[in-house]
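Report on one structure; see the data block that follows.
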Amino acid sequence: MKLKIVKGTRDLYGDDMSRFQRLEDAARDVFNLYGYEEIRTPMFEKTELFAHGVGEDTDIVGKEMFLLEDRRGRSLALRPEMTASVVRSVITNNHMQQSTHRRFYYIGPMFRYEQPQKGRFRQFYQIGAEYFGVSSPDADLEILLMLRQFFQAIDLKTVSFQLNTIGCQLPECRPAFKNRLVAYLESKQDRLCENCQRRIHTNPLRVLDCKEEQCIALTADAPKIYEHVCEECDTHFTGLRQMMEAHEVEYSLNHKLVRGLDYYSRTVFEVYSENLGAQNAAGGGGRYDGLFEVYGSPIIPALGFALGLDRLAMLISETKPQPEGVFIIGHDRQAVTSLVAKTREAGYKSLYDPFQSSMKSQFRQANKANVTKVLILGEEELKANSVSVKNMLNGQQDSVNLDDILNYIA
Ligand code: HAM
């Protein structure tokens, strides 16, 4: 049997793992400041959760879900995203009974059957946050401020926000805009790509998002949704933009930003970095005030975002692990292992050669181990109940009484 990893998946270790850990630690620290609690939901859910929530017509549900059947023939899906799962959890666990507003964040793997390429995997990782219960644009601002603070914490300066509103379901809002857009698109119909010719009548907003060159050019002058939303949506969007300006949150308006999931209403945004290319967003999110209703639950205003960890990891600088701990060298196995145990129990990272190779080889390993000190338990040292300590940062060497070693390395 030839062992091979599944296409579109990868093992994370070494430098990639360190970058992931750095990003996860920063997210936990920053999100905690904003009152977010961590939530973990199952990696699979009933398929209908995503079909109804994310939308049957979206690529994510229509083409990209990993589906499985349980032993009783029920259809389950590996989660392609987690917003629907968190909403499900809010409903099934009555999270909103405890407070008028709740904030959750998550870190974990998602699954989409996409064509693998740079920054695109079939199992990928997201850091996401969802904020429930607040309909005013203060919540939208808070989410964007939190994201900005997170990017500052990971020292990422190349990111920029793109912002749009896609209005709501009221007849005078998105539905009216769609009619206007369809009329515009019909006038260009024969020059649009084949896919978009079909989408004019199934999902006209998606045409704005098409990556084909001719469609990008033909939709440049399309009517702008943010100029045609209803009064309430307009007040929300204008209010948010004013607050963003007051807080100096930089963004560019993008009337073509419509997102690839059906649950959004009002504010939508994406985060881009030049270094990822125009096709790959580092993250995205927005409001989904109507999603609870889709699941037959009373309306709860909500919004959130998710960031692609795999993509962020490509953007941050290499992580150079700082030298840490001690490496213990010696021939007397008993003496070495008891000093290793003693230092570990005292809270130090402590390494040694499990094969008791020659002293020369042990020194070589110690040099490579990225520790701050090497402790040498040679014959002389054992006789004198001492340890020779080599400081790997400045090369200084000292002889220390074995009983004082913990104080010395502190
Ligand atoms: P999304 O835009 O589908 O939104 O995904 C968010 C981010 O996940 C993307 O911007 C990208 O960085 C990353 N991502 C998506 N697919 C892949 C892939 N195949 N390989 C690597 N990275 C990928 C959502 O998932 C929404 N749930 C966000 C949200 C939360 N909206 C409201 N709350």
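Whatever order the structure lists them in is the order used to number ligands and atoms, beginning at 1.
Scanning the protein heavy atoms around atom 23 (C) of ligand 1, the nearest turns out to be F124 CD1, 3.3 Å. For atom 26 (C) of ligand 1, the nearest non-hydrogen atom of the protein is Y263 OH, 3.3 Å. Nearest protein heavy-atom contact of atom 12 (O) of ligand 1 is A281 O, 2.9 Å. Counting only heavy atoms of the protein, atom 20 (N) of ligand 1 lies nearest to F121 N, 3.0 Å.
Every atom of ligand 1 with a heavy atom of G285 under 4.0 Å away is listed here by number and element: 31 (N). Of all atoms in ligand 1, numbered sequentially from 1 with element shown, those under 4.0 Å from a heavy atom of E130 are 30 (C), 32 (C), 33 (N). Heavy-atom proximity to E81, at under 4.0 Å, picks out these atoms of ligand 1: 25 (O), 26 (C), 27 (N). Residue L261 approaches ligand 1 through these ligand atoms, each under 4.0 Å from one of its heavy atoms: 3 (O), 4 (O). Close contacts between ligand 1 and E114 involve ligand atoms 16 (N), 17 (C), 18 (C), 19 (N) [criterion: under 4.0 Å to a heavy atom].
By the salt bridge (charged side-chain N to carboxylate O under 4.0 Å, His left out) test, E81 pairs with no residue at all, sequence neighbours left out.
Only the side chain of R259 comes within 4.0 Å of ligand 1, counting heavy atoms alone; its backbone N, CA, C and O stay farther away. Residue F305 touches ligand 1 through its backbone alone, judged by heavy-atom distances below 4.0 Å. At a 4.0 Å heavy-atom cut-off, ligand 1 touches R311 through the side chain alone. Only the side chain of Q126 comes within contact range of ligand 1, with a heavy atom under 4.0 Å; no backbone atom does.
By heavy-atom distance, the residue among G260, G119, G308 lying nearest atom 21 (C) of ligand 1 is G119. Between atom 29 (C) of ligand 1 and the options Y106, Y125, F269, Y264, the minimum heavy-atom separation is to Y264.
In this pair, Y105 and F31 present their aromatic rings perpendicular. The plane angle is above 60°, beyond the 30 to 60° band. Relative ring orientation between F132 and Y288 is described as perpendicular, the plane-to-plane angle rising above 60° on a 0-90° scale split at 30° and 60°.
I299 CD1: 12 or fewer foreign heavy atoms inside a 6.0 Å radius.
Each of E130, E142, E37 was scored for a salt bridge (Lys or Arg N to Asp or Glu O under 4.0 Å) with R103, with one residue passing: E142.
Side-chain rings of Y131 and Y34 stay apart, their centers remaining 6.0 Å or farther from each other.
Of the possible polar contacts, one joining the S265 side chain to the D289 backbone as a donor-acceptor pair under 3.5 Å is found. Here the side chain of N164 pairs a donor or acceptor atom with the backbone of L257 at under 3.5 angstrom. Within the 3.5 Å criterion, the main-chain N or O of R199 finds no donor-acceptor partner in the side chain of R206.
The shortest heavy-atom distance from A282 to ligand 1 is under 4.0 Å.
With hydrogens and angles left out, the side-chain atoms of Q123 and Y125 include a donor and acceptor closer than 3.5 Å.
For the pair R40 and Y106, the cation-pi test (distance below 6.0 Å, angle within 45°) is failed.
Between L303 and ligand 1, no pair of N/O atoms sits closer than 3.5 Å.
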